[in-house]
Number of protein chains: 2
Amino acid sequence: MNEQFFFESLSDETRRRILVLILKHEELCVCELFQALDVPQPKVSRHLAVLREAVVLAQRREGLWVYYRINPLLPTWAYRTLEQMVQGCGDLELFLSDSKRLDEMPNRPVRCCA
Amino acid sequence: MNEQFFFESLSDETRRRILVLILKHEELCVCELFQALDVPQPKVSRHLAVLREAVVLAQRREGLWVYYRINPLLPTWAYRTLEQMVQGCGDLELFLSDSKRLDEMPNRPVRCCA
DNA sequence: TGATCATATCTGCCAAAGCGAATATAGTCT
DNA sequence: AGACTATATTCGCTTTGGCAGATATGATCA
């Protein structure tokens, strides 16, 4: 666990939006994320790559879909930091509308064995 | 409290070193900080300015010296985030040697009414 | 094998952030 | 006022980081 990468990964708003959504929903796939955030897919993929390289997120492939979740090996202090971030950001307008778009999204992929 | 500025302020290692020292010691002046970190004084002043503008630190002048402490108005979630940061970074070699240099520093300014 | 869908990476560009060195400001003391 | 000390800011430069748009990869199914 490299704290430099960890804190850098929190310094971007798009990445915080991704993390908050995943913390609220356990596990989400790329198509859910970029539609909830309403940003281009390559943009979300790049930020997911940053979060993967920082070992903050883990990924899992299921057919065509790739699901992202918080890395279960994240140290306790780092996980608690993420929880505090949700406290600080989760109720802001921008983050709430992400959740709303996700809830209203049609054709969300169905996990067969999540 | 702007979370963008808050998380950006944590994304730099020098600023984390400053924050960890201050969290461990309540209040420190600029000369203690730049000597403990063993970096040029203007560098520490620039980073302190970033932390001030992010409203993470508050300052207090006492004669020639300027003392910095955690902004007492910091929201709870942000303060807890800082505490988790100390958990994650405080025991790393780099941060420990900062503390050591501070302890061994001669002529530390004496607070008359801290 | 070729078509299709989901995701990832690359390219070229621009803006922001960090640095060292020099300089400015602000307070204190004689 | 002038000298001195502590701290802050500016300047010129280089590096890094983010973006959009285009393209590549990888899995699935006909």
Spacing of [X] atom [atom1] relative to [N] atom [atom2], expressed in whole Å:
X: B:Tyr67; N: C:dG27; atom1: OH; atom2: C1'; value: 14 Å
X: B:Phe5; N: C:dA17; atom1: CZ; atom2: C1'; value: 13 Å
X: B:Trp65; N: D:dA8; atom1: CH2; atom2: C1'; value: 17 Å
X: B:Leu33; N: D:dA6; atom1: CG; atom2: P; value: 14 Å
X: B:Arg16; N: C:dG18; atom1: CZ; atom2: P; value: 11 Å
X: B:His47; N: C:dA16; atom1: NE2; atom2: P; value: 18 Å
X: B:Asn107; N: D:dT5; atom1: CG; atom2: P; value: 13 Å
X: B:Phe34; N: D:dT5; atom1: CZ; atom2: P; value: 13 Å

- How close do A:Phe7 and B:Cys89 get, heavy atom to heavy atom, and via which atoms? CE1-SG, 4.1 Å
- Message: Suppose we screen for salt bridge (charged side-chain N to carboxylate O under 4.0 Å, His left out). Which residues come up paired with A:Arg101, at least two apart in sequence or across chains?
- Response: A:Asp98
- Can you list the residues that meet the salt bridge (charged side-chain N to carboxylate O under 4.0 Å, His left out) rule with B:Asp12, with sequence neighbours excluded? none
- B:Leu64 has its side chain closest, among D:dT5, C:dA6, D:dG18, to D:dT5
- Does A:Ile18 share a hydrophobic cluster with A:Leu96, counting links as ILVMFWY side-chain heavy atoms below 4.5 Å and allowing steps through other members? no
- Task: For the residue pair B:Met85 and B:Leu23, establish whether any side-chain heavy-atom pair is separated by less than 4.5 Å.
- Result: yes
- Note on the structure: So the side-chain hydrogen bond (donor to acceptor under 3.5 Å, both in side chains) pairs with at least one residue in residues 79-91 of chain A (sequence neighbours excluded) are none
- Message: Suppose the criterion is side-chain hydrogen bond (donor to acceptor under 3.5 Å, both in side chains): which pairs have a residue in residues 39-59 of chain B, not counting sequence neighbours?
- Response: B:Arg15-B:His47, B:Gln41-B:Ser45, B:Arg52-B:Tyr68, B:Gln59-B:Tyr68
- Message: Could you check whether atom CG of B:Asn107 has more than 12 heavy atoms from other residues, nucleotides or ligands sitting under 6.0 Å from it?
- Response: no
- Can you list, by residue number, the residues of residues 7-15 of chain B that have a non-hydrogen atom closer than 4.0 angstrom to DNA chain D? none
Any N/O pairs under 3.5 Å between the protein and nucleotides 8-15 of chain C? List them or say none.
from  : atom 1 : to      : atom 2 : distance (Å)
C:dA8 : OP1    : A:Gln59 : NE2    : 3.4
C:dA8 : OP1    : A:Tyr68 : OH     : 2.6
C:dA8 : OP2    : A:Ser45 : OG     : 3.0
C:dA8 : N7     : A:Gln41 : NE2    : 2.6
C:dA8 : N6     : A:Gln41 : OE1    : 3.4

- Query: Is there a donor in the side chain of B:Arg16 and an acceptor in the side chain of A:Gln4, or the other way round, less than 3.5 Å apart?
  - Reply: yes
